[in-house]
Amino acid sequence: MKQPDETEAPASFSFDDSPIARELADLSARRKALEHATVQLTGRTRVLTISNQKGGVGKTTTTVNLAAALADRGARVLVIDLDPQGNASTALGVPHTAETPSVYDVLIDEFPLADIVQVSPESPNLLCAPSTIHLAGAEIELVSQVAREHRLRTAVEDYLEGLEERIDFILIDCPPSLGLLTINAFTAAGELLIPIQCEYYALEGLSQLLGTVRMIQKHLNPQLHLSTIILTMYDGRTRLAQQVADEVRAHFPQEVLETVIPRSVRVSEAPSFGQTVIAYDGQSAGAIAYREAAVEIIRRDSATKEGNA
Ligand SMILES: Nc1ncnc2c1ncn2[C@@H]1O[C@H](COP(=O)(O)OP(=O)(O)OP(=O)(O)O)[C@@H](O)[C@H]1O
Ligand SMILES: [Mg+2]
């Protein structure tokens with residue numbers, strides 16, 4: 001029997017039909033759409049905590065790239081690095097050696113937040129409250145402190161009160177645990193943003209996270225709500241990624257952003273240059289996705305009649 005010749009292209013084949021050509025055309029259309037997209041900031045400060053007790057799901061990557069994309073849209077953004085690993089501080093190009101005044105001093109010694117905030121070299125709109133290695137001890141030191149769950153909230157409120165210029169967004173990058181640092185973030189924030197990695201076990205642990213959120217709502221911060229889920233490290237070539245994305249969307253139809261963050265080498269390379277992907281390669285697929293996510297997040301809030309202050 002005659003076998004089909006696999007090397008032979010179909011008669012109608014042209015380079016324009018290839019998957020790469022289609023992907024490039026799609027990306028260029030999305031770039032154009034972004035150029036024309038208009039957004040309106042409300043003038044109100046939105047505080048989002050980026051949390052998931054699962055490690056390595058893209059919390060820090062999402063925090064810094066979203067922050068940079070929001071800043072690029074004209075928003076003034078403060079990133080609070082609440083993870084002793086200090087990855088967000090690194091990615092924003094902000095010094096965070098052991099001697100640097102940091103979030104540790106705010107939580108334990110009640111330093112004003114304004115005293116530790118640094119401006120990222122990337123943009124005057126992008127601020128960072130750095131973490132240092134000392135924060136690793138804060139989880140235990142906080143246990144014996146007065147108002148241990150409210151320390152960050154109080155610091156943020158005092159900071160916002162004393163500011164001359166408005167801040168549009170505060171993004172808090174949490175460590176991969178549900179300890180007192182994360183609880184401080186939940187108490188300080190109005191919104192919870194959960195990054196979910198498109199892989200097996202993606203939804204595992206989510207019910208524990210949401211259970212903790214319900215406890216916080218009941219006892220510490222009734223305003224906190226799950227506003228946003230962002231799918232990260234998506235690889236459209238695998239069926240698993242598509243299945244996970246479909247499943248998450250089925251469970252959380254309102255919360256999941258339309259924008260999906262693709263797995264991209266540029267995104268993973270950027271931090272080693274002390275940069276976000278927006279500065280490192282602003283037209284790459286990962287940067288475009290984070291820019292689209294930023295637009296969606298701004299628009300979702302302007303579409304809400306009453307927000308959480
Ligand atoms: N879209 C992406 N494409 C490629 N690599 C990515 C992407 N997002 C994240 N990564 C990589 O995955 C790893 C984990 O990401 P990240 O540090 O953001 O996760 P995390 O949830 O903050 O981790 P941790 O729980 O340790 O704080 C990093 O090496 C990061 O560079
Ligand atoms: Mg992290």
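Whatever order the structure lists them in is the order used to number ligands and atoms, beginning at 1.
- Both the backbone and the side chain of Val57 come within contact range of ligand 1, each with a heavy atom under 4.0 Å.
- Shown here, atom 28 (C) of ligand 1 is out of close reach of the protein: none of its heavy atoms lies under 4.0 Å off.
- No more than 12 heavy atoms of other residues, nucleotides or ligands sit less than 6.0 Å from atom CD of Glu23.
- Ligand 1 does not have Arg266 within reach: every non-hydrogen atom of the residue lies 4.0 Å or more from it.
- Remark: ligand 1 and Gly58 share an N or O pair separated by less than 3.5 Å (distance only, no angle test).
- Ligand 1 has an N or O atom lying under 3.5 Å from an N or O atom of Ser264, backbone or side chain.
- The nearest protein atom to atom 26 (O) of ligand 1, hydrogens excluded, is given as Gln85 NE2, 3.3 Å; this is a heavy-atom distance.
- Salt bridge annotation for Arg22-Asp26: absent, with no cationic side-chain nitrogen under 4.0 angstrom from a carboxylate oxygen.
- Counting heavy atoms only, Val267 comes closest to atom 2 (C) of ligand 1 of the residues Asn52, Thr63, Val267, Val265.
- Side-chain atoms of Leu231 and Arg249, non-hydrogen and from C-beta on, do get closer than 4.5 Å to each other.
- Using a cut-off of 4.0 Å between Lys/Arg side-chain N and Asp/Glu carboxylate O, Asp281 and Arg266 are scored as salt-bridged.
- With a 4.0 Å cut-off on non-hydrogen atoms, Asp83 touches ligand 1 through its side chain and not its backbone.
- Note on Val77 and Val277: same hydrophobic cluster, where clusters join Ile, Leu, Val, Met, Phe, Trp and Tyr whose side-chain heavy atoms are under 4.5 Å apart, directly or indirectly.
- For the Mg ion (ligand 2), protein N, O or S atoms closer than 2.8 Å were enumerated as Thr60 OG1, with waters left out.
- At a threshold of 4.5 Å between non-hydrogen side-chain atoms, the residues Leu193 and Thr49 do not count as touching.
- Contact annotation for atom 13 (C) of ligand 1: protein absent (non-hydrogen atoms, distance under 4.0 Å).
- In this structure, Ile261 has a heavy atom closer than 4.0 Å to ligand 1.
- With a heavy-atom cut-off of 4.0 Å, Thr61 touches ligand 1 through backbone and side chain alike.
- Using a 4.0 Å cut-off between charged side-chain N and carboxylate O, Glu35 and Arg31 make no salt bridge.
- Of the protein's non-hydrogen atoms, the one nearest atom 23 (O) of ligand 1 is Gly56 N, 3.1 Å.
- For ligand 1, the atoms lying closer than 4.0 Å to a non-hydrogen atom of Gly55 are 25 (O).
- Residue Glu122 comes nearest to Ala68 through the heavy atom pair OE2-CB, 3.8 Å, listed as atom of the first residue, atom of the second, then distance.
- Remark: atom 21 (O) of ligand 1 lies closer than 4.0 Å to at least one protein heavy atom.
- The shortest N or O to N or O distance between Asn87 and ligand 1 is not under 3.5 Å.
- Under the 4.5 Å side-chain criterion, counting only non-hydrogen atoms from C-beta, Leu48 is in contact with Phe169.
- Of the heavy atoms in Pro262, only backbone atoms (N, CA, C, O) come closer than 4.0 Å to ligand 1.
- For ligand 1, one of its N or O atoms has an N or O atom of Lys59 under 3.5 Å away.
- The protein atom (non-hydrogen) at minimum distance from atom 7 (C) of ligand 1 is Met233 CG, 3.4 Å.
- Ligand 1 lies out of reach of Gly286, whose nearest heavy atom is not under 4.0 Å from it.
- The side-chain heavy atoms of Glu191 and Val47, taken from C-beta on, include no pair separated by under 4.5 Å.
- Using a 4.0 Å cut-off between a side-chain N of Lys or Arg and a carboxylate O of Asp or Glu, Asp168 and Arg46 do not qualify as a salt bridge.
- Distance check, rounded to the nearest 0.5 Å: CG of Leu192 to CD1 of Ile194 gives 4.5 Å.
- Counting only heavy atoms of the protein, atom 5 (N) of ligand 1 lies nearest to Ser268 CB, 3.6 Å.
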Could you list the donor-acceptor pairs under 3.5 angstrom formed by side chains in residues 87-115, with sequence neighbours left out?
unit_1	atom_1	unit_2	atom_2	d
Ser89	OG	Asp81	OD2	2.6
Ser89	OG	Ser131	N	3.2
Thr90	OG1	Gly86	O	3.1
Thr90	OG1	His96	NE2	2.9
His96	ND1	Ser131	O	3.4
Thr97	OG1	Glu99	OE1	3.3
Thr97	OG1	Thr100	OG1	3.1
Thr100	OG1	Thr97	N	3.0
Thr100	OG1	Thr97	O	3.0
Ser102	OG	Tyr104	N	3.1
Ser102	OG	Thr132	OG1	3.2
Tyr104	OH	Glu141	OE1	2.6
Tyr104	OH	Glu141	OE2	3.2
Asp105	OD2	Ser102	N	2.8

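- Between Glu296 and Arg299 there is no salt bridge, since no side-chain N of the basic residue sits under 4.0 Å from a carboxylate O of the acidic one.
- Of all heavy-atom pairs spanning Phe186 and Asn221, the tightest one is O-ND2, 2.8 Å.
- Taking each heavy atom of Arg148 and Leu142 in turn, the nearest pair found is CB-O, 3.2 Å.
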